[in-house]
A.B. asks: 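Dropping a structure here in structure tokens format, bear with me for questions.
Quick caveat: nothing in here was measured; it's all calculated off a predicted structure.
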Amino acid sequence: MELKGKKILVTGGKGFVGSNLIKELQKRELTYYAPTKSEYDLRKEEDVKKLFNLYQPNIVIHLAGKVGGIGANRAKPGDFFYDNIMIGTLILEYARQSGTEKVVALAAGCGYPKLLPVPYSEEDFWKDLPDENSIGYSMAKKNLIIQSWTYRDQFGFDSTILLPANLYGPHDNFNLETSHVVPALIRKFIEARNNNSESVEVWGSGKATREFLYVEDAVKAIVDAINCKESGPFNLGTGKETSVKELVETISELVGFKGNIIWDSTKPDGQPKRFYNMDKFKASFGYVPDTKLKDGLTKTIEWYESNK
């Protein structure tokens, strides 16, 4: 699909991934509209209907949702389920009704079963329930995949669903109450360094492993997915496993923190292990994202220091 001349609707355009995506769309001189929460409440059918009737997008990149870390998900699982399932369901339905040519949407890697052997392959996504600490969010995001499959089968509607690994990079949410692991750690270690703190306390044991994807790599894949003719889902990551301990020590080193790291093992680790098999993505997209963690963290830290 030639993107020049197409109208692109970006939900969640003011968020972390959305902010980086819009920079890319601007660089490519593409036409887009990114509505704000104050303009349209995407949980409400009347607002979503009005949005599609007014803008009539050719392409929808659906990034909007209620997001947060383990603490926020544990505190309000019902809110995370309701908000995300309503937003996703309405966006795909009204994209279909309005004649949108393509939807690209992000589901959630935390939807994989809790104790699944690594690396995760897409066919294993349905084998068991996800980790209980984020079950509301995870299960709501799984619904996007079912909706994509069923709409393709019944209506021939073209959508592609990506399962991003743990994302990090510029424009992330650095609020300690609601942020994910990388921005929360960056902020904690920078504040500890600036305050000459003797130690930083970190949740868990550090033994859990994750896969970390630099946001610019995610943006490239999202744009490339516009021309993918499969629903997926597709794992979107690097295929490389990193322990939380290694992540914490790397951030500590990069920000120049000289104190001690204290692990609070009474707090949950979440899933014990999570990283992806990227074979399916590589077969369809022709590459695997490859920004090195240290390089991406350096850029993220520099951005935060300049913009905090």
Side-chain angles (χ1 to χ4, degrees), residues 1-13 15-35 51-52 55-65 88 91-109 121-123 125 141 143-165 167 169 213-239 276-291:
M1 188 189 302
E2 173 54 53
L3 300 184
K4 285 283 175 71
K6 299 290 187 182
K7 292 195 294 181
I8 303 173
L9 173 65
V10 181
T11 71
F16 168 37
V17 179
S19 298
N20 287 278
L21 174 68
I22 283 171
K23 281 174 60 182
E24 180 64 20
L25 298 181
Q26 290 170 342
K27 190 165 74 176
R28 296 183 184 217
E29 298 181 336
L30 299 175
T31 302
Y32 70 90
Y33 175 47
L51 170 61
F52 276 88
Y55 191 62
Q56 293 289 315
N58 305 109
I59 299 162
V60 175
I61 300 177
H62 174 46
L63 310 175
I91 290 295
L92 259 72
E93 171 61 12
Y94 278 92
R96 180 191 71 80
Q97 287 190 28
S98 69
T100 296
E101 298 170 56
K102 178 73 184 192
V103 173
V104 178
L106 299 186
S121 295
E122 290 87 346
E123 58 267 26
F125 197 61
K141 286 292 188 178
N143 187 64
L144 284 168
I145 300 165
I146 302 297
Q147 198 170 2
S148 177
W149 287 348
T150 56
Y151 280 28
R152 188 179 291 276
D153 286 348
Q154 183 175 345
F155 308 116
F157 184 69
D158 186 13
S159 58
T160 297
I161 312 298
L162 304 174
L163 299 170
L167 290 162
L213 178 67
Y214 188 55
V215 69
E216 289 180 8
D217 288 344
V219 165
K220 173 177 166 49
I222 288 166
V223 175
D224 290 345
I226 293 171
N227 283 306
C228 177
K229 295 301 179 186
E230 304 168 66
S231 288
F234 291 96
N235 287 340
L236 174 54
T238 61
Y276 288 157
N277 180 317
M278 289 296 294
D279 290 349
K280 182 177 178 180
F281 182 94
K282 187 174 183 180
S284 291
F285 288 72
Y287 66 92
V288 174
D290 61 358
T291 297

A.B. asks: CD of Glu29 to NZ of Lys4: how many Å apart, nearest 0.5 Å?
C.D. replies: 5.5 Å

A.B. asks: Taking side chain as C-beta onward, heavy atoms only, is Tyr55 less than 4.5 Å from Pro35?
C.D. replies: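 Not touching, per the 4.5 Å side-chain cut-off.
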
A.B. asks: Quick check on Lys27: does its NZ atom have over 12 non-hydrogen neighbours (other residues, nucleotides or ligands) under 6.0 Å away?
C.D. replies: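 Result for NZ/Lys27: open.
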
A.B. asks: Taking 4.0 angstrom as the limit, do Glu216 and Lys220 come out as a salt bridge?
C.D. replies: no

A.B. asks: Who passes side-chain contact (heavy atoms from CB on, under 4.5 Å) against Thr238, sequence neighbours left out?
C.D. replies: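 Listed in chain order: Glu211, Leu213, Lys240.
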
A.B. asks: Counting only N and O atoms by type, is there a donor-acceptor contact under 3.5 Å from the side chain of Asp217 to the main-chain atoms of Thr291?
C.D. replies: yes

A.B. asks: Just by modelled atom types, is the Asn277 backbone N or O under 3.5 Å from a matching donor or acceptor in the Asn235 side chain?
C.D. replies: yes

A.B. asks: Looking at Phe155, I'd like to know if the NZ or CZ of Arg96 sits under 6.0 Å from its six-membered ring centre while staying within 45 degrees of the ring's axis.
C.D. replies: yes

A.B. asks: Does the pair Thr160 and Lys102 meet the rule for a side chain to side chain donor-acceptor pair (under 3.5 Å), with working shown?
C.D. replies: CA-CA 8 Å; Thr160 297; Lys102 178 73 184 192; 2.6 Å; yes

A.B. asks: On a heavy-atom basis, which atom in Lys6 and which in Met1 lie closest, and how many Å separate them?
C.D. replies: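 Of all heavy-atom pairs spanning Lys6 and Met1, the closest is CE-CG, 3.9 Å.
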
A.B. asks: Could you give the distance from CG (Leu25) to CD1 (Ile59), rounded to the nearest 0.5 Å?
C.D. replies: 9.5 Å

A.B. asks: State whether the side chain of Thr100 and the backbone N or O of Asn58 hold a donor-acceptor pair below 3.5 Å, judged by distance alone.
C.D. replies: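 It does not hold such a pair.
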
A.B. asks: Assert yes or no for the condition that the ring centre distance of Phe281 to Tyr276 is strictly below 6.0 Å.
C.D. replies: no

A.B. asks: Return the minimal non-hydrogen interatomic distance between Tyr287 and Ala221, and the atom names on each side.
C.D. replies: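 Scanning both residues completely, I find the closest heavy atoms to be OH-CA, 3.5 Å.
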
A.B. asks: Using only atom types and a distance under 3.5 Å, with no angle test, would you say the side chain of Trp149 pairs donor to acceptor with the backbone of Gly232?
C.D. replies: yes

A.B. asks: Counting distance only, does the side-chain N/O of Lys280 pair as donor-acceptor with the main-chain N or O of Pro233 below 3.5 Å?
C.D. replies: yes

